[in-house]
Amino acid sequence: MTKPANQLKAAFTISKYSLLATLRSPTSIVFSLLFPIIFITVFGSIVPNKAPVMKLAIAPGCDTSNMVFIAIKKIAAISLQRGLTAAKQSDDLSKGRIVAVLNILSNKSASPVPHYTVHLYAAGSSAESLQLLQIMLNDAIGKIDQKVFPANSSVATLSITKEPGRIYRSIDFILPGQLGFSLLMAGVYGSSFLLFNLRQNMVLKRLRVTPVRRRSIIAGEMLSRLFFHIISFIIMVALGYFVFRFTLVNGAATFLEMLAFSLFGLCIFMGIGFIISGVVQNENAIAPIANTVVLPQILLCGLFFPIDNYPHWLQQFCSVLPLTCFVDGLRKIAFEGIHIWQMPLTVGGLIIWTFIIGPLSIRSFKWE
């Protein structure tokens with residue numbers, strides 16, 4: 001009597017050689033590991049909460065010896081440009097190289113307290129920066145007024161009380177996005193190209209005559225992606241945590257919970273790769289189809305900037321995409337300390353996507 005094949009052993013064997021093939025593939029390493037590491041390093045190195053420096057030219061004849069000019073000069077977010085001719089100032093202003101031209105004039109008055117007119121020459125190209133500049137100049141003038149006229153009453157007094165809390169750094173936003181980017185690239189591109197090549201080279205056809213079942217092959221491929229993701233996950237989180245102070249609220253427990261949560265993304269993105277590999281007829285068609293799936297999610301799912309910057313109707317669309325649910329869930333687990341079972345909407349959305357993608361990926365699987 002023939003002994004039945006050990007399907008579990010077959011799945012692990014397939015995953016072993018699939019993992020070795022992935023680690024030897026420069027494309028998989030570059031897109032799934034190297035690119036996210038570069039993005040983490042670049043965005044993690046950005047100085048947080050640094051106000052943009054606005055260039056402000058000084059008009060010919062501007063009074064630079066008064067208290068108002070001295071106060072403006074002390075504002076760190078303003079860079080005063082000296083020695084520019086009127087023609088150069090006009091040219092730079094029209095091309096957006098400077099925000100405005102500053103001119104301070106002393107008003108002739110019998111009052112013992114001097115009075116000045118602060119005039120800004122601006123262009124339409126610097127409308128947004130001009131609003132911020134006005135706020136800064138009004139604040140500087142207001143502080144001078146408080147010193148010169150301390151007896152003047154005010155309609156309100158601003159009071160600030162700071163509560164202790166965690167510091168939200170740029171790496172806390174970027175790193176979960178890059179974990180999603182890595183899993184998306186490895187799942188969609190890696191699985192689609194690998195399965196297509198296995199089918200094209202008749203490897204799957206030869207496996208078909210063996211006792212190995214279809215689900216064991218799929219499970220083996222999923223395990224290989226899981227092992228590769230664990231390796232990438234450890235490297236990226238370690239880089240963010242030890243170099244850029246990425247927040248893991250509960251330490252190792254948060255790390256393990258993020259890793260467990262990644263199983264949702266693994267099933268969805270690898271399933272998309274299975275579907276692509278099953279519907280294409282030649283290898284050249286894989287990249288265009290995969291790009292159609294991947295690129296919109298990279299741009300719309302909040303990997304590099306919040307989706308709150310989009311119009312409301314587009315935010316609604318972005319919020320239902322699987323990568324958005326996955327990345328938002330990782331951020332909540334890492335920084336807010338929320339557990340997986342405390343995110344019913346996020347987990348529910350990922351489960352729905354899993355049930356949609358899973359059956360389609362199995363049905364699209366082809367031996368030859």
Side-chain angles (χ1 to χ4, degrees), residues 22-23 25-55 76-77 79 96-97 128-129 132 166-190 225 228-249 251 254-255 258-259 261-262 265-266 269 287 290-310 314-315 318 321-336:
T22 302
L23 294 175
S25 170
T27 302
S28 298
I29 298 298
V30 168
F31 284 98
S32 302
L33 185 58
L34 184 59
F35 275 6
I37 288 177
I38 292 175
F39 290 139
I40 290 170
T41 303
V42 171
F43 287 99
S45 302
I46 295 176
V47 179
N49 302 324
K50 185 177 181 180
V53 177
M54 292 174 289
K55 294 182 179 180
S79 173
R97 296 171 183 165
E128 294 183 1
S129 299
L132 180 58
R166 291 185 292 273
I167 300 175
Y168 190 77
R169 304 178 178 89
S170 59
I171 190 66
D172 293 317
F173 181 86
I174 289 297
L175 196 142
Q178 296 315 302
L179 292 174
F181 177 87
S182 173
L183 195 57
L184 178 69
M185 300 298 284
V188 176
Y189 286 99
R225 295 297 157 194
F228 180 76
H229 176 63
I230 291 175
I231 296 171
S232 304
F233 193 92
I234 292 173
I235 294 174
M236 287 186 281
V237 173
L239 174 65
Y241 183 77
F242 292 107
V243 178
F244 301 108
R245 295 187 292 176
F246 175 67
T247 303
L248 292 173
V249 175
T254 298
F255 172 83
M258 290 175 66
L259 190 58
F261 185 75
S262 298
L266 178 70
F269 302 138
N291 288 338
T292 304
V293 176
V294 169
L295 292 182
Q297 294 199 75
I298 292 176
L299 296 175
L300 298 176
C301 294
L303 300 190
F304 301 98
F305 41 82
I307 64 173
D308 296 338
N309 297 334
Y310 293 127
L314 188 55
Q315 292 181 34
C318 295
L321 294 176
L323 187 58
T324 302
C325 298
F326 177 68
V327 172
D328 285 348
L330 286 179
R331 290 184 179 126
K332 290 177 181 179
I333 294 171
F335 187 80
E336 301 178 22

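The chain is numbered in sequence order, starting from 1.
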Novice: What distance separates L248 CG from Y241 OH, expressed to the nearest 0.5 Å?
Specialist: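 Answer for the CG-OH pair, L248 versus Y241, is 6.5 Å.
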
Novice: So, using side-chain hydrogen bond (donor to acceptor under 3.5 Å, both in side chains) as the criterion, who are the partners of T247 when residues are at least two apart?
Specialist: D172

Novice: Quick one, T41 and L239 - any side-chain contact, counting heavy atoms below 4.5 Å?
Specialist: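 They are in side-chain contact.
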
Novice: Between F39 and V42, is there a side-chain heavy-atom distance shorter than 4.5 Å?
Specialist: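 They are not in contact (no side-chain heavy atoms under 4.5 Å apart), so the answer is no.
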
Novice: Does a side-chain heavy-atom distance below 4.5 Å link T324 with L300?
Specialist: no

Novice: Under a 4.5 Å cut-off applied to non-hydrogen side-chain atoms, are S45 and F244 in contact?
Specialist: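 SC-SC contact between S45 and F244 confirmed.
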
Novice: Would you give the length of the straight line joining atom OG of S232 to atom CG of L183, rounded to the nearest 0.5 angstrom?
Specialist: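 Taking OG in S232 and CG in L183, the distance rounds to 9.0 Å.
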
Novice: Please report the closest heavy-atom contact between G44 and S170, naming both atoms and the distance.
Specialist: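 That would be CA-OG, 4.4 Å.
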
Novice: Do the non-hydrogen side-chain atoms of Q315 and D308 ever get within less than 4.5 Å of each other?
Specialist: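 Heavy-atom side-chain distance check passes, below 4.5 Å.
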
Novice: Just wondering, more than 12 heavy atoms not from I167 lying within 6.0 Å of its CD1?
Specialist: no

Novice: As an exercise, state the distance from OG1 of T254 to CG of L259, rounded to the nearest 0.5 Å.
Specialist: 12.5 Å

Novice: Kindly indicate whether the side chain of Q297, heavy atoms from C-beta on, has any atom under 4.5 Å from the side chain of P322.
Specialist: yes

Novice: In Å, rounded to the nearest 0.5 Å, how long is the span from OG of S182 to CD1 of I231?
Specialist: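 The distance works out to 11.0 Å.
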
Novice: Measuring only between side-chain heavy atoms, which start at C-beta, is F326 closer than 4.5 Å to L184?
Specialist: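 No, too far: nothing below the 4.5 Å cut-off.
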
Novice: Check step by step if ring pair (Phe, Tyr, Trp, His ring centres under 6.0 Å) holds for F335 and Y168.
Specialist: CA-CA 8 Å; F335 187 80; Y168 190 77; 4.8 Å; yes

Novice: Is the charged tip of R169 near the ring of F246: under 6.0 Å from the six-membered ring centre and within 45° of its axis?
Specialist: no

Novice: For the atom pair CE (M258) and CD1 (I333), what is the distance rounded to the nearest 0.5 Å?
Specialist: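 Those atoms lie 7.0 Å apart.
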
Novice: Below 6.0 angstrom between ring centroids: does that apply to F181 and F35?
Specialist: no

Novice: Side chains of V327 and L179: does their closest heavy-atom pair fall under 4.5 Å?
Specialist: no

Novice: For this output row, return yes or no: ring centroids of F173 and F305 closer than 6.0 angstrom.
Specialist: no

Novice: Compare every heavy atom of M236 with every heavy atom of Q178, then report the nearest pair and how far apart it is.
Specialist: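 Looks like O-SD, 4.2 Å.
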
Novice: Checking S79 now: which residues fulfil side-chain hydrogen bond (donor to acceptor under 3.5 Å, both in side chains) with it, not counting sequence neighbours?
Specialist: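 Partners of S79 under the side-chain hydrogen bond (donor to acceptor under 3.5 Å, both in side chains) test: Q81.
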
Novice: Using the test side-chain hydrogen bond (donor to acceptor under 3.5 Å, both in side chains), find all partners of S262 that sit at least two apart in sequence or belong to another chain.
Specialist: H229

Novice: Might you point out which heavy atoms bring L175 and V237 nearest each other, and give the distance in Å?
Specialist: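 L175 and V237 have their closest heavy atoms at CD2-CG2, 4.1 Å.
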
Novice: Quick one, M185 with V294, criterion side chain to side chain contact (heavy atoms under 4.5 Å, CB included). Give me CA distance, side-chain angles, the key distance, then yes/no.
Specialist: CA-CA 8 Å; M185 300 298 284; V294 169; 3.9 Å; yes

Novice: Does atom CZ of F233 have more than 12 heavy-atom neighbours, drawn from other residues, nucleotides or ligands, at distances under 6.0 Å?
Specialist: yes

Novice: What are the two closest heavy atoms between C301 and L323, and how far apart are they?
Specialist: SG-CB, 3.7 Å

